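Step one of this worksheet: look at the structure below.
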Amino acid sequence: MLILAFDASTSVTTVALARTEGDARHALAEVSVSARGASGALLPAVNAALDLAGEELACVERVLAGVGPGTFTGIRIAAATARALALATGAALSKNSTLAALAVPALSGGTPDVLAVLDARRGQVFVQRFSEAGTPSEISCERPEALSAEGAPLLVGDGAVRYREALSYLGRIPADDSPLHRVTAAGHVLSADLVPVSAKELVPIYVREPDAEVRRDLNPWSRR
């Protein structure tokens, strides 16, 4: 099965082509673009990944979208693009948590306990804990100084980098330039269960209200 996977939940838009053979999953190509907005970066990255893999969009059998948490606009763009591409090609849809994609490289590399931390802005982070043997924790949105964790997990993600000083007491944080801090589309391929979902089920994981909703609630004129 040929999979097109992508994520726009962070400041990096990432796209990968992968193929499954039985239980094995092989990445064929990956393209990551640092851009201020996913709207102008995602489709060109999709085309670039297809070209690198030597594949055609019509051959894609599964479209896998990262649904957050992360930047609200990026998540919505990824979900809408996934629905449109699936409709155009007849491919099935799948979804996956961005935090799961972030954690899987460290878990695959032998780290038994990983705390995935994404910058949620507003002085907060999105957090989820993963282990080799256990069920992942619930996703939460917290201030870094309010977090607690038993043991000494490995902390990965742009939130761990940004709030290194506040979070370093929880466990080890790799160097700022470590690839373990980056969300990758290949990580989605490795961590997703690939269960098909309907277009209506491909919904963002927001965890908290989008910024636009908060600004509207704070604006007295929006309630008139």
Side-chain angles (χ1 to χ4, degrees), residues 5-16 30-38 41 45 66-75 78 96-192 204-211 214:
F6 48 78
D7 189 290
S9 303
T10 70
S11 60
V12 176
T13 296
T14 176
V15 179
E30 185 165 21
V31 173
S32 295
V33 181
S34 296
R36 293 186 64 182
V67 291
T71 61
F72 301 115
T73 300
I75 298 169
N96 192 49
S97 159
T98 297
L99 288 165
L102 173 61
V104 73
L107 291 171
S108 299
T111 303
D113 191 7
V114 177
L115 193 67
V117 187
L118 285 174
D119 184 7
R121 302 178 185 177
R122 299 191 216 160
Q124 297 177 313
V125 288
F126 297 119
V127 181
Q128 190 173 20
R129 192 165 182 171
F130 298 83
S131 66
E132 287 181 326
T135 302
S137 68
E138 293 294 323
I139 300 172
S140 64
C141 183
E142 307 283 351
R143 297 190 66 81
E145 60 272 19
L147 289 177
S148 62
E150 296 180 358
L154 180 72
L155 281 70
V156 297
D158 59 5
V161 171
R162 180 172 182 179
Y163 296 104
R164 176 183 292 274
E165 185 174 348
L167 295 174
S168 59
Y169 74 96
L170 292 177
R172 185 169 66 88
I173 303 174
D176 288 3
D177 60 354
S178 170
L180 293 176
H181 292 307
R182 296 197 295 270
V183 174
T184 65
H188 277 293
V189 174
L190 290 174
S191 59
I205 300 174
Y206 285 139
V207 184
R208 70 176 186 203
E209 281 190 317
D211 293 347
V214 172

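Note that the structure is a prediction, hence the values are computed from the model and not measured.
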* Asked: Counting only N and O atoms by type, is there a donor-acceptor contact under 3.5 Å from the side chain of H181 to the main-chain atoms of I173?
  ->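 Between the backbone of I173 and the side chain of H181 there is no qualifying donor-acceptor contact (under 3.5 Å).
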
* Would you say T13's side chain and A38's backbone share a donor-acceptor pair under 3.5 angstrom? ->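 Not at all, since once roles are kept as given, no pair shorter than 3.5 Å links the two residues.
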
* Residue from T111, L107, L180 passing side chain to side chain contact (heavy atoms under 4.5 Å, CB included) with V156 ->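 Only match with V156 under side chain to side chain contact (heavy atoms under 4.5 Å, CB included): L180.
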
Check whether any side-chain heavy atom of [X] lies under 4.5 Å from a side-chain heavy atom of [Y], and answer yes or no.
X	Y	value
L115	L167	no
V104	F130	no
L118	V183	yes
V125	L147	yes
T71	R121	yes
F72	R208	yes
H188	T14	no
S97	Q128	yes

* **With D158 via salt bridge (charged side-chain N to carboxylate O under 4.0 Å, His left out) - residues at least two apart** =>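 Partners of D158 by the salt bridge (charged side-chain N to carboxylate O under 4.0 Å, His left out) criterion come out as none, since no residue qualifies.
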
* By side-chain hydrogen bond (donor to acceptor under 3.5 Å, both in side chains) - contacts of S191 (at least two apart) ->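 Expected list: N96.
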
Would you name the heavy atoms of [X] and [Y] that are closest together and state the gap between them?
X	Y	result
P153	L170	CD-O, 3.4 Å
A103	A116	CB-CB, 4.3 Å
I75	P204	CG2-CB, 3.3 Å
S34	V12	OG-CG2, 3.7 Å
G68	I205	O-CD1, 3.7 Å
Y206	F126	O-CE2, 3.8 Å

[atom2] on [Y] to [atom1] on [X], rounded to 0.5 Å:
X	Y	atom1	atom2	value
T135	R129	OG1	CZ	13.5 Å
R182	L102	CZ	CG	11.0 Å
Y169	E145	OH	CD	8.5 Å

